[in-house]
Amino acid sequence: MADSQANSTTDHNGSTTRSSINVRSSEDDEHDREHDIDHEESHQGPTRKRQRVRLSCLECRRRKLSCSRELPCDRCIKSGTPARCTYESRPGLVSASVGERASRGPVAGSAAGPVTFGSEVHRSPANPLPARREAESSVLRDHERIRRLELEVAQLRGALAKQGSFDGSTVAASPSILKDSTKEGPLAISQPSFTPHNYEMHEYSNLKGHDFKTKYYGPHNAWSSLHELTGIFHFMRETAEEWLKPLNIQRKDRGKRKEDREKRFTEPDMLLEALLPPKEETDSLVAVYLDQFEQIYRIIHIPTFKAEYESFWDPSKTKNASLTALVLSMIAVSCCMDMQASNKFVGVKSSSIQMAEKIIKACDEWYASQSKKHRKLVHYQIACLLYLAKRVNVIKKKRFWTTAGTMIRDGMTVGLHQDPDRVTADISPYHAEMRRRLWATLVEFDVQASFDQGFPTLMGSIHNDTDAPRNVDDEGFDFHSQELPPSRPASEYTSSSYQHLSRRSLALRIELNKILTGPPVDLDWEQALQYSEMITHEIDQLPSWDLDIEEKSEFTQKPILAHTLLHIQLRQYLIPLCQPYLKLRKLNSKYQMAEFIYYSAARDIVMMHDRLFQKGIRTLYFLREDIMNSAINLCNVTLNQPKDSTNLIMSNAQETLRLVERCIVMKEDRVLRCGNNDPWSYSSMCAACGLLETHMGIKTSEAAKASAAERFISLHYKLLAFQIPPYLNQPPLTSPQTAQDPISRAKSITPFPVDATPSMPMGNTPYQQRDGSSLSMPWLMPSTDSNQLHTPNPEFNFEMLGSDLNDLWGDWGQGEFM
């Protein structure tokens with residue numbers, strides 16, 4: 001009984017033990033299967049379905065080409081990218097090529113292999129064995145070494161053939177590979193590059209030449225494609241020597257042609273020399289230009305120019321035609337700024353601006369006759385000076401934008417948009433810095449002309465790679481310098497500070513130009529505020545120089561000039577940004593901020609110009625249209641306010657009126673210097689001032705109209721006092737001041753104020769003084785009753801002023817006034 005129980009117990013325990021073993025084995029198997037599934041899910045996502053291994057390499061799969069399934073595969077070897085030949089790797093499967101997969105034998109778990117259970121199932125490692133990994137690394141190193149040797153051979157061939165650029169034997173990354181390298185996913189593995197270590201962007205190799213005699217070829221230019229054809233130049237050279245030379249087909253004598261070209265370059269131009277004023281007059285006008293305009297737009301290297309200018313007047317030497325054109329271009333820029341009260345007028349144009357027009361026309365013709373292929377630094381300097389002269393004298397105003405764009409394109413053809421330190425061309429440090437300065441000047445011309453005329457700028461579609469000009473004075477380097485001096489801190493003012501600092505805000509200004517002049521965009525108020533904050537941030541980053549102390553060097557430094565222009569060229573964008581929201585102020589009070597920003601920007605611009613005007617610096621308001629624009633903007637935002645409002649803008653209405661009148665005074669000063677060759681600006685400012693006075697209740701509508709007309713005609717009456725030759729058969733106007741020839745007089749280096757009062761007695765003028773009639777209103781009949789309105793004078797003819805009322809008051813596009 002006991003034995004049977006024992007046997008029973010033993011059987012039971014045995015079966016129990018076997019059952020427990022089987023249960024544990026089943027649980028282990030289930031646990032392993034669940035572990036495998038979880039492990040796959042963690043690497044492959046939520047799906048539980050196993051994916052088969054892709055046998056092609058990743059590179060062939062990306063290019064959708066057939067693969068030989070070797071490491072590296074045939075296609076990767078032929079394409080020169082063996083390092084990119086990698087295969088898919090997943091846990092539980094071998095990461096290897098098909099050849100290695102075939103040499104491994106049966107797969108674990110198959111009928112030919114040993115059967116194991118539970119956790120004892122053998123799994124192949126996810127990574128190759130150390131020995132196999134070492135073999136793969138050895139293969140990669142061999143391919144890399146072979147590839148580098150091939151590149152060295154190709155470079156030697158290019159040197160022997162004296163090819164100056166990469167040819168077809170030099171392997172560079174294709175655009176697709178470069179694009180893929182920036183979009184590699186998590187499966188991508190960084191591999192060693194097989195391109196030369198000194199290889200940079202292929203774009204920099206497209207600039208050929210030296211100094212300023214350079215030529216830029218685009219990457220898709222036919223000449224660039226020809227350079228990619230290996231051995232083409234060597235083949236053509238040998239063909240010419242063997243087959244063409246025996247037929248007496250001579251090659252170009254480049255040395256002789258260069259000698260002839262240099263000889264013509266040094267020859268004088270008598271037509272240009274005939275326009276030169278006397279030396280004293282020229283010295284004064286050149287000094288005005290160097291003293292003011294070279295503080296902002298760096299076109300000339302002053303020490304180099306001075307050395308050439310000293311020998312320019314040597315009677316034993318011939319005057320170089322290019323240097324003559326350069327000096328004349330400077331005179332055309334500054335002749336209207338250096339003027340005294342004895343300046344004479346013909347019609348509504350001064351003798352100074354007529355001289356400028358003659359010079360500009362002659363220099364334009366000379367510049368157009370020069371070869372575009374063989375231009376030098378001086379040619380681009382003359383082009384910039386002529387553009388400045390046209391802006392200062394308001395000549396061909398509607399062509400400012402197109403001319404600036406043409407100069408940008410001309411600069412790109414010689415590669416000015418690429419920094420000289422990163423190109424393959426041979427450029428000296430002196431020419432490198434002058435290239436940066438001229439490109440910065442051209443960029444500012446284009447950006448400002450685009451803003452003035454409301455057209456897009458070319459800079460929005462150009463890859464501008466040129467660095468900002470260094471913050472150094474001209475005395476720090478010269479033509480023979482081996483290296484440039486380090487750039488000074490922005491807090492230290494130099495003659496190049498404007499260009500150095502202006503580059504910081506260039507990207508923002510170009511972006512604003514795209515928004516304001518590009519395709520219509522829905523710019524909401526929050527975005528406009530963000531741009532306003534960005535502009536304010538750039539303004540806050542500008543350094544604060546000592547504006548009241550002029551450092552004495554070889555030329556007077558004027559930090560206030562650069563400081564003002566840096567501020568104005570940023571603040572001007574606040575006005576068009578906020579302008580669309582002015583009329584919405586009546587509908588929503590949140591747009592009140594737009595009025596304040598708009599008003600503050602216009603007021604600050606006028607105040608900065610007035611500060612320069614008080615110091616006798618007229619450079620900016622001759623170059624820019626801020627005076628007229630700001631006067632109109634101040635009147636506009638004030639007229640939008642209710643008459644009985646007590647807000648900030650209406651509370652400052654008297655100050656606004658004073659600023660508008662200051663704008664008119666500055667405009668009158670320019671008219672008395674140059675003449676009213678832009679009558680629309682002055683007439684519109686007079687009319688805007690009259691509207692503001694009416695809105696403020698200072699004058700009635702009729703009185704404001706009479707005041708605007710009186711202001712306008714009285715200015716031209718002053719011009720009439722300086723007319724030459726005499727008009728209407730009147731005797732010549734003689735006085736101690738007007739009898740002196742303006743060309744023979746001495747001029748100061750810096751401009752000084754002009755007395756707006758006619759320099760001759762009124763009794764000698766064609767319009768005699770009459771009782772009861774204002775001297776400034778000769779077109780009205782005298783009145784005995786102060787309460788009676790004046791009647792027009794039938795004897796007065798507006799043609800006496802050199803034009804009719806329609807021309808003087810401005811063509812508004814709404815029909816004529818008379």
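Please read all numbers here as calculations on a predicted model, not as lab measurements. Side chains are part of it too, since the values below use all heavy atoms of this structure and drop only hydrogens, waters and symmetry mates.
Residues Val392 and Val333 come closest through the heavy atom pair CG1-O, 3.5 Å. Here the closest heavy-atom approach between residue Ile427 and residue Pro420 is recorded as CD1-CB, 4.0 Å. Summarising the geometry of Val394 relative to Phe400, their closest heavy-atom pair is CA-CZ, 4.4 Å, with the distance given to 0.1 Å. His500 approaches Pro469 most closely through the heavy-atom pair ND1-O, 2.9 Å. The minimum heavy-atom distance between Leu442 and Gly411, with the atom names listed, is CD1-CA, 4.4 Å. Smallest separation of non-hydrogen atoms from Gln381 and Ile299: NE2-O, 3.0 Å.
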Practice prompt. For Arg399 and Tyr387, run side-chain contact (heavy atoms from CB on, under 4.5 Å): C-alpha distance rounded to whole Å, both residues' side-chain angles, the deciding distance at 0.1 Å, then the answer.
Written response: CA-CA 10 Å; Arg399 301 181 185 179; Tyr387 179 82; over 6 Å; no

Worksheet item: Hey, mind stepping through Leu438 and Cys384 against side-chain contact (heavy atoms from CB on, under 4.5 Å) and telling me if it holds?
Response: CA-CA 8 Å; Leu438 283 180; Cys384 293; 4.1 Å; yes

Worksheet item: His609 and Thr564: side-chain contact (heavy atoms from CB on, under 4.5 Å), yes or no, with the steps?
Response: CA-CA 8 Å; His609 273 288; Thr564 302; 5.7 Å; no

Discussion item. Test side-chain contact (heavy atoms from CB on, under 4.5 Å) on Tyr430 and Leu377; report intermediate values, then the result.
Written reply: CA-CA 11 Å; Tyr430 170 81; Leu377 170 61; 4.1 Å; yes

Practice prompt. Starting from the C-alpha separation in whole Å, work towards a yes-or-no answer on side chain to side chain donor-acceptor pair (under 3.5 Å) for Tyr493 and Asn471.
Written response: CA-CA 8 Å; Tyr493 177 78; Asn471 189 29; over 6 Å; no

Practice prompt. Please test Arg435 against Thr466 for side chain to side chain donor-acceptor pair (under 3.5 Å), starting from the C-alpha separation and ending with a verdict.
Written response: CA-CA 9 Å; Arg435 289 171 71 97; Thr466 305; over 6 Å; no

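Applying the side chain to side chain donor-acceptor pair (under 3.5 Å) criterion to Trp401, with sequence neighbours excluded, gives Ser450. Here Asp269 pairs with nothing under the salt bridge (charged side-chain N to carboxylate O under 4.0 Å, His left out) rule; sequence neighbours left out.
In this structure the side chain of Asp626 never reaches within 4.5 angstrom of the side chain of Leu620, judged on heavy atoms. A 4.5 Å side-chain heavy-atom check between Leu323 and Val378 finds every atom pair outside the cut-off. A 4.5 Å side-chain heavy-atom check between Phe305 and Leu326 finds at least one atom pair inside the cut-off. Looking at heavy atoms from C-beta onward, Leu612 lies out of side-chain contact with Tyr621 at the 4.5 angstrom threshold. Using a 4.5 Å cut-off on side-chain heavy atoms (C-beta onward), Thr494 and Ser497 make contact. Taking the side chain as every heavy atom from C-beta outward, Leu285 and Met330 never approach each other to under 4.5 Å. With a 4.5 Å cut-off on side-chain heavy atoms, Ile359 and Met355 count as touching. Counting only heavy atoms from C-beta outward, the side chains of Arg618 and Arg673 approach each other to under 4.5 Å.
Between the OG atom in Ser495 and the CD atom in Glu475 there is a gap of 7.0 Å [rounded to 0.5 Å]. Note: Asp478 CG to His301 NE2 = 6.5 Å, rounded to the nearest 0.5 Å. Atom NZ of Lys358 sits about 14.0 Å away from atom SG of Cys363, to the nearest 0.5 Å. For the atom pair OG1 of Thr304 and CD1 of Ile300, the computed distance is 9.5 Å after rounding to the nearest 0.5 Å. Remark: Leu328 CG to Leu385 CG distance equals 11.0 Å, nearest 0.5 Å. For the atom pair CE (Met608) and CD1 (Ile568), the distance works out to 4.5 Å, reported to the nearest 0.5 Å.
Put simply, the side chain of Arg470 gets close to the backbone of Pro485: a donor and an acceptor are under 3.5 Å apart. The backbone N or O of Glu281 sits nowhere less than 3.5 Å from a side-chain atom of Ser284 that would complete a donor-acceptor pair. Remark: side-chain polar atoms of Thr457 are paired, donor with acceptor, to backbone N or O of Met459 under 3.5 angstrom. Judged by distance alone, with hydrogens and angles left aside, the side-chain atoms of Asn393 form a donor-acceptor pair with the main-chain N or O of Ala332 at under 3.5 Å. No donor-acceptor distance shorter than 3.5 angstrom exists from the side chain of Thr324 to the backbone of Leu272, with no hydrogens or angles considered. In this structure a side-chain-to-backbone donor-acceptor pair under 3.5 Å is present from Thr282 to Pro277. No side-chain donor-acceptor contact under 3.5 Å links Asp452 to the backbone of Glu625. Under the 3.5 Å distance criterion, the side-chain polar atoms of Arg488 are left unmatched by any main-chain donor or acceptor of Val472.
Between Phe479 and His431, the two ring planes are perpendicular [angle over 60°; tilted spans 30° to 60°].
Note on residues 359-368: pairs passing side-chain hydrogen bond (donor to acceptor under 3.5 Å, both in side chains), not counting sequence neighbours, are Asp364-Lys390, Tyr367-Arg375.
Among His563, Gln569, Arg503, the one residue that satisfies the side chain to side chain donor-acceptor pair (under 3.5 Å) test with Tyr498 is Gln569.
A donor-acceptor contact under 3.5 angstrom links the side chains of Asp283 and Tyr309, judged on distance only. No side-chain donor-acceptor contact under 3.5 Å links Tyr297 and Gln499. In the model, Asp410 has no side-chain atom that pairs as donor or acceptor with a side-chain atom of Tyr380 under 3.5 Å.
Counting non-hydrogen atoms of other residues, nucleotides and ligands closer than 6.0 Å to CD of Gln614 gives a total above 12.
One finds a salt bridge joining Asp474 and Arg298 here, because a Lys/Arg side-chain nitrogen approaches an Asp/Glu carboxylate oxygen to under 4.0 Å.
For the pair Arg670 and Phe622, the distance from NZ or CZ to the six-membered ring centre is under 6.0 Å and the angle to the ring normal is within 45 degrees.
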